[in-house]
Amino acid sequence: MNTASQIKPFVLRALKDLYNAEFTESELTITATRPEFEGDFTLVLFSFVKQLKKSPEHLGKEIGGYLQKMSPEFFKSYNVIKGFLNLTLSDSHWVIFLKENFSNKMFGIQSQTGNKVIVEYSSPNTNKPLHLGHLRNIFLGWSIAEILKAQGNEVIKTCVVNDRGIHICKSMVAWQLFANGATPETTKIKGDHFVGEYYVKFNDEHLRQQEELMKNGMGKEEAEKEAPIMKATQQMLLDWEAGKPEVMELWEKMNEWVYKGFNVTYKRIGADFDKMYYESNTYLLGKKFVEEGLKQGVFFRKDDGSVWIDLTAEGLDQKLVLRKDGTSVYMTQDLGLAEEKYQDYHYDQSIYVVGDEQNYHMKVLKLIMEKLGKPYADGIFHLSYGMVELPSGRMKSREGTVVDADDIINEMAAVAKQKTEDLGKVKDFSESELASLYDTIGLGALKFFLMRVDPKKKMVFNPEESVDFHGFTGPFVQYTYARIQSILRKEGNAADLKSVNTGNRSVLPLFNSEKQLIILLEQFPAIIQLAAEEHNPSVIAVYVFNLSRMFNTFYSELSVINAESEEKKQLRLQLCMMTSNIIASATSLLGIKVPERM
RNA sequence: GGUCUCGUAGUACAAUGGAUAGUACGCAAGUCUCCGGAACUUGAUAUCCCAGUUCGAUUCUGGGCGAGACUACCA
């Protein structure tokens, strides 16, 4: 239990004893005291004024005095400013907290609750490589999975691969036309990029043919459809659905190339999945839902044979769930997939990490499930995240402004290399140690940059800012960690520290920066909980940055190794150790590694 | 047109209805006989507009103005 919630029962008791008033804990507002005032925690008094008919100043003095009388060893002092009662706890409270927790690497991690959560993220297409938008998705999805694990949930990470459809056929047709049998192996190009090139070639050729037809007087829309390369693509889709062997073979071959490429990237960024779903397997699922829905009267059939759901009562539109020719649409498939996932795992909650452009789709999906009376409908949660934009605006593939995932990762690592060499602190590292360090720093910077913002909000990715390793960045946190390790290498031994009694008088009083650091350390479990509840990794990013900043302030003000007494030295070593444990723990929830040296 | 988001220093982001609106980059000025300067300290600069609810509004409500997403028998 954290300190703020330890205070609450005392306050409730005081209110009862002093005024015979009954309040609940949730009615109390206790916050960290703002730095410009004296105190550790602040009780907001305004909410009692009306009921108790006393001025806030009066209440503050009475409650403060009573608290101190009740537990003088806990409450050291208090002051009242306007409607705020600022409470200062005794330093020994903090010292004891530190002593009990400094060596616990699992601090803040909850034990298993038995709750089962499935997280779907990444979900790429197999016709082009991953880009910056995918990275936001992947980092968020992976991180939220880890955060939920830390809260005691059993988590299954899944990925739905969009491996079929007209867009895949485009790459396939272009490859047949232009590749001359070239492969990733013969060209030494990463598989996903290789296939992506043919997708681009398709679009170029399509545009060329289209313009030619328009020169001969054809309208734009018709020219788009009538271009020979588009005709060939549509034919290929039909052949695919018919299972024509040579088409299937090509399709499998090209997808394999892409998967090989994806796996290289996934491995490098540390993404992993417990279960892959492929649309080529799932796209026919969901049709039985249509039957079920029709029977229940949830869906209705139009004269042309297409099946719809009417959501106008919910303020939405009518939505198609099955085409008139009886084939599935996106929604049909998602209905089936939700059921499939439930059959596979019997989850309590199912999280979809999907961009906010699909808010409407996800809302409809959940609503349909509710109307069909599915028990798991409630557990469906859309973790909606905003688009990543560039300073120049949205990324547009047609204008070539899409930031490729592999490119940006390489660039970040290159900047890490450059800066590391400039500083020259790890000249004794081997080649492979250096390569690994550059990835740690480069990816740390990139992940932090993409996750430090509230997922719900769209964000701007400024390439220049992203390679700045100062301030509110991943490398700043990593640097703080490395610096602590340097101290601990010299002096820190957890077993020795435990045997020393830092609870005695010579460690007191605490300096402000010592206390502020402990107060922050103590918040970590509550921070994880908040991040989980809000499905928001940025809570962790902001916290670990503030913790690092606080440590650096402490570090510059007070000497650890040359402390004024042995006990102070032990206390500060404990602070170092706990800070570094929590930095490691927090960054690992973000998928960011921390280096021993950098 | 309809539905939904979002408007905070030059820029990018924070702030369960609480105190003098934080942080970073950039800008200006400092800190080192220092356990790692990828650090620390200080300064200047902001809540789109108008009402309302409240002891108290960046936050909630209504109305403007501005930006974006969605609104396919595409996925």
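Naming convention: chains lettered A, B, ... in sequence-line order (proteins, then strands); numbering from 1 in each chain.
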Could you please name the option among [options] that lies closest to any side-chain atom of [X]?
X       : options                : value
D454(A) : C55(B), U11(B), A14(B) : A14(B)
R452(A) : G37(B), G18(B), A12(B) : A12(B)
E465(A) : U11(B), A19(B), G36(B) : U11(B)
M459(A) : C13(B), U16(B), A19(B) : C13(B)
E279(A) : C70(B), A75(B), A19(B) : A75(B)
Q358(A) : A75(B), C73(B), G36(B) : A75(B)
R323(A) : C74(B), A69(B), A14(B) : C74(B)
K50(A)  : C35(B), C55(B), U16(B) : C55(B)
K490(A) : C73(B), C35(B), A38(B) : C35(B)

Looking at every strand, decide which applies to [X] at a 4.0 Å heavy-atom threshold: base, sugar-phosphate, or nothing.
X       : result
L237(A) : nothing
F472(A) : sugar-phosphate
K82(A)  : sugar-phosphate
D468(A) : sugar-phosphate
K425(A) : base
T473(A) : nothing
V44(A)  : base

Checklist entry - What pairs with K128(A) under salt bridge (charged side-chain N to carboxylate O under 4.0 Å, His left out), at least two apart in sequence or on another chain? => result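 For K128(A) there are no salt bridge (charged side-chain N to carboxylate O under 4.0 Å, His left out) partners, ignoring immediate neighbours.
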Next on the checklist: So if I take residues 480-487 of chain A and measure heavy-atom distances to RNA chain B, which residues fall below 4.0 Å?
Outcome noted: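 Here the set is A482(A), R483(A), S486(A), I487(A).
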Item to check | Nucleic acid contacts - residues 330-338 of chain A versus RNA chain B, non-hydrogen atoms under 4.0 Å | outcome: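 Heavy-atom cutoff 4.0 Å gives Y330(A).
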Item to check | Distance-only donor-acceptor check, side chains R549(A) and N546(A), under 3.5 Å | outcome: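 Yes, a side-chain donor-acceptor pair sits under 3.5 Å.
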Could you work out the separation of [N] and [M] based on their [atom1] atoms and round it to a whole Å?
N      : M      : atom1 : answer
G26(B) : G62(B) : C1'   : 39 Å
G68(B) : G22(B) : P     : 32 Å
C25(B) : U59(B) : C1'   : 26 Å
G18(B) : G37(B) : P     : 38 Å
A9(B)  : U33(B) : P     : 40 Å
U8(B)  : A24(B) : C1'   : 15 Å

Next on the checklist: Can you tell me whether the side chain of N86(A) and the base of A19(B) have a donor-acceptor pair closer than 3.5 Å?
Outcome noted: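 By the distance-only test, yes, there is a pair.
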Checklist entry - With the threshold set at 4.0 Å, does a side-chain nitrogen-carboxylate oxygen contact exist between E120(A) and K341(A)? => result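 K341(A) and E120(A): salt-bridged.
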Next on the checklist: Assess whether a salt bridge exists between E421(A) and K417(A), defined as any Lys/Arg side-chain N lying under 4.0 Å from an Asp/Glu carboxylate O.
Outcome noted: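 A salt bridge links E421(A) with K417(A).
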Item to check | M387(A) or H470(A), whichever maps to the more 5' nucleotide of RNA chain B | outcome: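 Nearest-nucleotide comparison on RNA chain B picks H470(A).
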Checklist entry - RNA chain B: E36(A) or F545(A), which has the more 5' nearest nucleotide? => result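 Nearest-nucleotide comparison on RNA chain B picks E36(A).
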Between [X] and [Y], is there a donor-acceptor pair closer than 3.5 Å when you use the side chain of the first and the backbone of the second?
X       : Y       : result
N79(A)  : E38(A)  : yes
T332(A) : V321(A) : yes
E522(A) : T3(A)   : yes
H134(A) : S122(A) : no
Q478(A) : K593(A) : yes
R323(A) : S306(A) : no

Item to check | Derivation and outcome, side chain to side chain donor-acceptor pair (under 3.5 Å), residues S513(A) and Q516(A) | outcome: CA-CA 5 Å; S513(A) 57; Q516(A) 293 308 320; over 6 Å; no
Checklist entry - For T42(A) and N86(A), what are the C-alpha separation, side-chain angles and deciding distance, and is it a side chain to side chain donor-acceptor pair (under 3.5 Å)? => result CA-CA 4 Å; T42(A) 296; N86(A) 299 319; 2.7 Å; yes
Using side chain to side chain contact (heavy atoms under 4.5 Å, CB included) as the criterion, list what pairs up with [X], not counting sequence neighbours.
X       : result
A482(A) : M598(A)
K319(A) : I309(A), M331(A), Y360(A), V364(A)
E564(A) : F511(A), K568(A), R572(A)

Next on the checklist: Would you say that F46(A) contacts T29(A) through its side chain, given a criterion of any heavy-atom pair below 4.5 Å between the two side chains?
Outcome noted: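 They are not in side-chain contact.
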Checklist entry - Would you call E596(A) and Y481(A) a side-chain contact if the rule is heavy atoms closer than 4.5 Å? => result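 Touching, per the 4.5 Å side-chain cut-off.
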Next on the checklist: Ring centres under 6.0 Å, that's the criterion: do F84(A) and F37(A) meet it?
Outcome noted: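 For F84(A) and F37(A), the ring centres are not under 6.0 Å apart.
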Side-chain donor-acceptor distances from residues 446-464 of chain A under 3.5 Å, at least two apart:
from, atom 1, to, atom 2, distance (Å)
K447(A), NZ, I269(A), O, 2.7
K447(A), NZ, G591(A), O, 2.7
R452(A), NH1, F472(A), O, 2.7
D454(A), OD1, K456(A), N, 3.0
N462(A), OD1, E464(A), N, 3.0

With the criterion being N/O to N/O and under 3.5 Å, what pairs connect the protein with nucleotides 40-43 of chain B, and how long is each?
from, atom 1, to, atom 2, distance (Å)
C40(B), O2', S556(A), OG, 3.2
U41(B), OP1, T553(A), OG1, 3.2

Under 3.5 Å between N/O atoms: give me all the protein pairs with nucleotides 30-33 of chain B, atom names plus distance.
none

Item to check | Derivation and outcome, salt bridge (Lys or Arg N to Asp or Glu O under 4.0 Å), residues E491(A) and K569(A) | outcome: CA-CA 10 Å; E491(A) 297 282 351; K569(A) 178 170 164 182; 3.3 Å; yes
Checklist outcome for this item: Secondary structure of RNA chain B per the Watson-Crick/G-U criterion (both distances under 3.5 Å; [ ] crossing, | other strand, . unpaired) is (((((((..((((....[...)))).(((((.......)))))....(((((..]....))))))))))))....
Donor-acceptor pairs under 3.5 angstrom involving side-chain atoms of residues 534-542 of chain A: please list them, not counting sequence neighbours.
from, atom 1, to, atom 2, distance (Å)
N536(A), OD1, S538(A), N, 2.9
N536(A), OD1, S538(A), OG, 2.7
N536(A), ND2, S538(A), OG, 3.4

Checklist outcome for this item: 5' to 3', nucleotides 2-7 of chain B under a 4.0 Å protein heavy-atom cut-off (B base, S sugar-phosphate only, - none) gives -----S
